Amino acid sequence: MAKVKTKTKRRNLRLKWKLGIEEVATKHFDVSPNAELIVREGNYQYNINDLVKRFGTPLEVVFPFVIEERLNKLIDIFKYYSRLNKYRGKFYFHYPMKVNQNKEFVLPIVSEGAHIEVGSVNELWLVKRMWEQEQFSRQIKVICNGPKTNKYLGLIYELKQKGLDIVPIIEDRYELNYLSEYKGELGIRIDPEIKVQSHWDKRIDRFGFTRRELLELGRIRNLKILHYHIGSQITKLEDMIAPLRKVMEVYIKLKAMSPTLDTINLGGGFAVPYIKRKIYSTDSVVKRILKILKDLSDRHEIPHPHVIVEWGRHIVAPAQISIFRIIAQKPIPKSVASWWYVIDGSFINDLPDTWAIHQKWHVVPVNYLTAERLSRVWLAGSSCDSDDKYAGHGNYISLPRLEDLEQNGKPLYIAFFDTGAYQDSLASHHCLLSSPAKIIAQNGVITVARKRETAEDVGKLFGW
Ligand SMILES: *Cc1c(COP(=O)(O)O)cnc(C)c1O
């Protein structure tokens, strides 16, 4: 009887904190019998509260197995629907490096069969290093986006000559001109001129050629890829599909002029369920993509194009959590929330999208998960900036009441989910705070990826 009771209790706790749910990317999270947050990787189990005791806070924990699992699932889904629909084009996943360039993210993803998309010369330089050190397959394909400076073009030419399968994407007429001498395959970027719901979908887009401009260019030698990227974190299924239909119509016309064209690249956009509400499924998107491509190409009697997606955020965001300690509380007069909880890190510095684009995150306690009484709180970062705060995805966050925990003597820790995309390279040192330490949990082993910065380390960055 007692056992049944604890089982129900744990199930209720999982529901309450939205843990253990595949569709919202919390599948690996659970509550331990002593009410602490745990993460399961097969037979291994990581107790986050123990990691915090060992490594301190603020702390980032990376789970490479999550990256591997998510990528394999995506590849399998494409395989499944290709076979089912007799789709004859191939599928390639290109990891957009700007989502997270850290080694502990890039190496697992390329080792599982991802290709790469870079947006700058320095990202390409990392690819060169990995390639020279044979850290990935010689068959890897690299796509180059972003404005092509002379240095960037130089490195593209160098790597092409050394035998890397590298395709620059032409962004404008200048690049078309520079790349007219390029001996390898080329891609070109189209602005689909369609509006979708996403922070990045501006009224006026500066990337790529319009449909009209493209069709006026005539034949492009060695053209292989028609590429578009409409934005990131696109939360509606229809918005994932509508641009493709439009771009596929242009593809058909372009292919008539440049018959070497054989690939369509949909860019990024697949959303992450940050606030733990279900969004569209991978199945539903992949099914629709392949159907559109197949129907249109069959109707126009052209081969089914190869398909590239660059859904980096979708694959890597859930592979990292960020943990903070609550170091103080202060009453908030006259508001929907009652307390400020001050964390020992900074949103502006360590989760900069909170500040930049009002990113929403799922927050759960790391310990005291059974606490019955919760306070409505806003979180404050420990910089001296009034913008350094996070108020949840409603009007407040519910977290255990500190009064109830105080006699216990153990501080409250909280975890932010899905912090693996974009935050690291945008991070900064406002008020000269130190960056969080970062550890990697894989195969039951913990390794330190980044030590906690000392005052001396931070001072050095500023010329001291
Ligand atoms: C930023 C970017 C991506 C990444 O999109 P996400 O959906 O955020 O992963 C993909 N492709 C291109 C060209 C980009 O600029």
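All ligand and atom numbering here is 1-based and tracks the order in the structure. Small disclaimer: the values here were computed from a predicted structure and weren't measured. FYI, the numbering just counts along the sequence from 1.
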K.L.:
With a 4.0 Å cut-off on N to O distance, would you call Asp165 and Lys160 a salt bridge?
P.N.:
no

K.L.:
Does a salt bridge link Asp295 with Arg299, judged by any charged N lying under 4.0 Å from a carboxylate O?
P.N.:
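Salt bridge: no.
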
K.L.:
Assess whether a salt bridge exists between Lys162 and Glu158, defined as any Lys/Arg side-chain N lying under 4.0 Å from an Asp/Glu carboxylate O.
P.N.:
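Salt bridge flag = yes for Glu158 with Lys162.
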
K.L.:
For ligand 1, list all ligand N or O to protein N or O distances below 3.5 Å, rounded to 0.1 Å.
P.N.:
| residue | atom | partner | partner atom | Å |
| --- | --- | --- | --- | --- |
| ligand 1 | 7 (O) | Ser232 | OG | 3.4 |
| ligand 1 | 7 (O) | Gly269 | N | 2.6 |
| ligand 1 | 8 (O) | Ser232 | OG | 2.4 |
| ligand 1 | 8 (O) | Tyr422 | OH | 2.5 |
| ligand 1 | 9 (O) | Gly312 | N | 2.8 |
| ligand 1 | 9 (O) | Arg313 | N | 2.8 |
| ligand 1 | 11 (N) | Glu310 | OE1 | 2.6 |
| ligand 1 | 15 (O) | Lys98 | NZ | 2.7 |

K.L.:
Scan Ile48, Ile414, Asp344 and name whichever one has a side chain to side chain contact (heavy atoms under 4.5 Å, CB included) with Ile323.
P.N.:
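So the option named by the test is Ile48.
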
K.L.:
Suppose we screen for side chain to side chain donor-acceptor pair (under 3.5 Å). Which residues come up paired with Lys276, at least two apart in sequence or across chains?
P.N.:
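With sequence neighbours excluded, Lys276 shows a side chain to side chain donor-acceptor pair (under 3.5 Å) to Asp418, given in chain and number order.
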
K.L.:
Salt bridge check, Glu22 against Lys278: does any charged N sit closer than 4.0 Å to a carboxylate O?
P.N.:
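Looking at Lys278 and Glu22, the cut-off is not met.
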
